[in-house]
A.B. asks: 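Below you will find the structure I want to go over with you.
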Amino acid sequence: MSPLLEVEHLRVQLPVGGELRSVIRDVDLTLEPGEVLAMVGESGSGKSMTARAIMGLLPPGAEVGGRIAFDGADLSAASSRQLRELRLRRIGMIFQDPRAAINPVHRIGDFLTEVLVRELGVPRSDAMKRAEGVLQEVRIRDPEHCLHQYPHELSGGMLQRVMIAAVLLSEPDLILADEPTTALDVTTQAEVIALLSDLRRARELAMVFITHDLELAAAISDRIAVMYAGSVVETVAAAEALTRPLHPYTEALLESRPDIAVRLDVIPQISGRPIAAYEVDAGCPFHPRCRYAEEQCSLTPPKTALVGTGLVMCHRAQERLGGLHISGEQNSLADGLGAQAG
Amino acid sequence: MLRYLGRQLLSMVILLLLSSVLIYGSLYLAPGSADAVLFGNHTVTPAVRHAVEAQYHLNQPFYVQYWDWLSGALQGNLGTSIAFRTPVSQRVAAAAPVTIYLVIYASILITIAGVGLGVASALGGRRLDATIMAVTNVGTSVPTFVAAILLLEFFSLKLGWFPSLGAGSGFFSRIQHLTLPAVALALWAAAYLTRVTRTSMRDELRGEHVATARARGLRNSLVIRRHVFRNALLPIVTVSGLQVAGLIAGTIIVEQAFGLNGLGQLLLTSVEQKDYATVQAVALILVGAFVVVNTLVDIAYTFLDPRIRLGLREA
């Protein structure tokens with residue numbers, strides 16, 4: 001099977017006050033049809049920008065390098081019309097804050113059907129019927145009433161369901177979900193995640209799921225790509241990321257996660273501050289904060305290499321694979337999450 | 001929705017009543033009395049004075065006079081001009097058309113030029129934007145009376161394209177006569193509306209819902225129309241409404257400059273002649289028009305932003 005999505009050496013620079021600043025330095029991703037890839041990282045690590053680059057939705061003036069291919073077709077060579085065609089039928093995007101992402105002045109019915117009616121030539125009454133059906137699928141109680149409501153009459157969770165419904169209506173092959181639950185409260189988060197997971201599985205859609213929550217990522221995805229300062233530093237199978245982190249950054253992320261069973265006075269943090277992609281110097285982007293850093297780490301940038309079962313961008317990955325201690329506690333936690341997700 | 005409309009209309013009526021009290025009261029309190037105008041330098045016997053005062057109800061207390069005046073005005077009887085001894089309603093009816101045409105003409109110019117240039121400025125390239133901004137900068141800094149004089153000097157006296165005086169008769173002659181006054185009246189407001197439109201469009205362009213619309217594959221013209229311009233309308237309509245309401249007062253200057261016998265001119269001459277009844281009537285009409293236009297804008301909001309309709313947001 002050929003990959004649905006391939007991203008190779010993606011670089012993105014954005015104009016900031018007259019100069020170009022790197023926001024994505026080097027991102028490689030592949031996604032098979034029906035697969036879920038989670039992208040994890042701190043704010044500003046380039047997760048959302050990667051999704052926007054795939055969609056061709058970068059801000060004006062952005063410089064893009066590298067290659068993005070969807071279903072074998074190179075997107076950098078695509079005309080704006082072809083890109084639009086892709087967004088209409090093949091790639092759907094779910095945004096972080098549904099209240100900002102859904103235009104407040106149109107009714108839900110108008111919002112859901114506008115693409116069908118205005119771009120795909122579906123008669124309005126048919127489109128409304130389809131919208132009603134898909135609202136039912138996202139478990140909105142009174143779909144017919146909902147079609148006539150305005151966005152401000154719905155809760156954040158309901159609106160995100162509407163957003164998911166809108167994406168399903170265009171029957172895509174790939175969903176890009178950019179922190180779809182960050183703006184929602186915790187109980188709603190769980191519902192929306194479960195819904196998204198179920199619908200995706202039923203339709204065998206591929207998904208790129210962006211989050212800063214490593215455990216959520218492990219629960220929902222097949223593979224995890226950890227991003228730091230505009231680069232993917234580690235790509236591994238979801239369960240591996242929690243149990244056998246090879247990149248020191250992934251390890252540090254895991255350690256800084258509070259454990260509900262243990263009372264701590266101080267929550268462990270990663271020392272130092274996260275750096276932006278444009279601040280990266282000659283060496284490894286993580287070396288100033290890395291407890292394993294050696295001399296070479298500050299001098300030469302590490303290359304991404306296959307280590308064990310994952311792709312890791314670290315000089316010391318190979319030796320860490322040999323000597324890593326796997327704690328039983330982390331194992332059981334990952335199992336618990338896996339069961340929850342199933 | 002209906003409750004909102006009802007509330008708007010009620011507050012409009014209250015505002016109109018209050019302003020009518022103010023208008024009537026301020027002239028009542030103003031120095032110089034109606035007697036002085038009526039009798040001039042003539043010395044009259046107390047009997048005559050008494051008879052005349054009774055005729056004009058000048059011997060009644062304020063609230064009775066006010067009520068007579070208001071109930072008359074509501075029935076279309078605006079009183080009798082003290083200076084001309086003719087019904088004020090006749091004089092107003094003669095002057096109103098020119099002012100109404102002028103305001104409508106200028107409003108159309110403001111809306112088309114302001115919104116058109118604003119949209120072009122927000123969506124066009126850097127050079128177009130800079131040019132439009134430079135022009136509007138000049139536009140907002142030239143006072144109406146200066147604009148009137150410059151337009152007269154150039155288009156009327158130098159080029160001879162437009163007449164310099166009068167309102168013309170017949171549709172085309174009217175348009176020809178009213179073009180320069182309307183442009184003079186519209187200039188400042190159009191420049192201002194251009195800026196508001198540009199800012200509002202730019203704010204919306206940055207909105208996340210615009211990214212959603214693009215991400216869904218909507219073509220650019222639809223994105224702009226349905227998700228940028230549509231959302232940018234609220235401030236645009238607010239400012240347009242305020243500008244049009246403001247034009248009604250602006251006509252006083254322009255009518256003077258272009259020798260048009262409209263309501264503004266009537267107000268000025270009536271003030272000079274201390275023609276109380278006429279001043280009150282014209283002031284009432286100008287203020288009334290202002291209040292009505294503002295209420296219309298408030299009602300327009302409810303169609304533009306569904307959140308206002310439900311009282312979730314204050315207009």
A.B. asks: Could you give the distance from CZ (B/Arg216) to CG (A/Leu88), rounded to the nearest 0.5 Å?
C.D. replies: 9.5 Å

A.B. asks: Which atom names give the shortest non-hydrogen contact between B/Leu304 and A/Val105, and what distance separates them?
C.D. replies: O-CG1, 3.7 Å

A.B. asks: Using modelled atom types and a 3.5 Å cut-off, is there a donor and acceptor pairing between side-chain atoms of A/Arg87 and backbone atoms of B/Ala215?
C.D. replies: no

A.B. asks: Can you check whether B/Arg219's main-chain N or O pairs, donor with acceptor, with A/Glu119's side chain at less than 3.5 Å?
C.D. replies: yes

A.B. asks: Considering residues, nucleotides and ligands other than B/Tyr192, do more than 12 of their heavy atoms fall under 6.0 Å from its OH?
C.D. replies: no

A.B. asks: With chain B as the partner, which of A/Leu169, A/Leu83, A/Leu57 has the greatest number of non-hydrogen pairs under 4.5 Å?
C.D. replies: A/Leu57

A.B. asks: Can you name the closest pair of heavy atoms from A/Arg118 and B/Leu222 and give their distance?
C.D. replies: CB-CD1, 3.7 Å

A.B. asks: Would you say that more than 12 heavy atoms from the other residues, nucleotides or ligands in this model lie under 6.0 Å from the OH of B/Tyr105, or not?
C.D. replies: yes

A.B. asks: Where is the tightest heavy-atom contact between A/Pro104 and B/Pro306, given as atom of each residue plus distance?
C.D. replies: O-CG, 3.4 Å

A.B. asks: Of the backbone (N, CA, C, O) and the side chain (C-beta and beyond), which part of B/Arg206 lies under 4.5 Å from a heavy atom of chain A, both, or neither?
C.D. replies: neither

A.B. asks: Using atom types as modelled and distance alone, determine if a side-chain donor or acceptor of B/Thr212 lies under 3.5 Å from a backbone N or O of A/Ala101.
C.D. replies: yes

A.B. asks: Going from CG on B/Asn220 to CZ on A/Arg84, what distance comes out if it is rounded to the nearest 0.5 angstrom?
C.D. replies: 9.0 Å

A.B. asks: For each of B/His227, B/Arg226, B/Glu204, B/Arg214, tally heavy-atom pairs with chain A at distances under 4.5 Å, and name the one with the top tally.
C.D. replies: B/Arg226

A.B. asks: Any side-chain heavy atom of B/Arg230 sitting closer than 4.5 Å to one from A/His106?
C.D. replies: yes

A.B. asks: Should we say atom CZ of A/Arg21 is surrounded by more than 12 heavy atoms from elsewhere, each under 6.0 Å from it?
C.D. replies: yes

A.B. asks: Side chain, backbone, both or neither: which part of B/Leu218 has an atom under 4.5 Å from a heavy atom of chain A?
C.D. replies: both

A.B. asks: For chain B, which candidate among A/Glu85, A/Gln96, A/Glu114 shows the most heavy-atom pairs at distances under 4.5 Å?
C.D. replies: A/Glu114

A.B. asks: Which heavy atom in B/Ala211 sits nearest to a heavy atom in A/Arg52, and how many Å separate them?
C.D. replies: CB-NH1, 4.1 Å

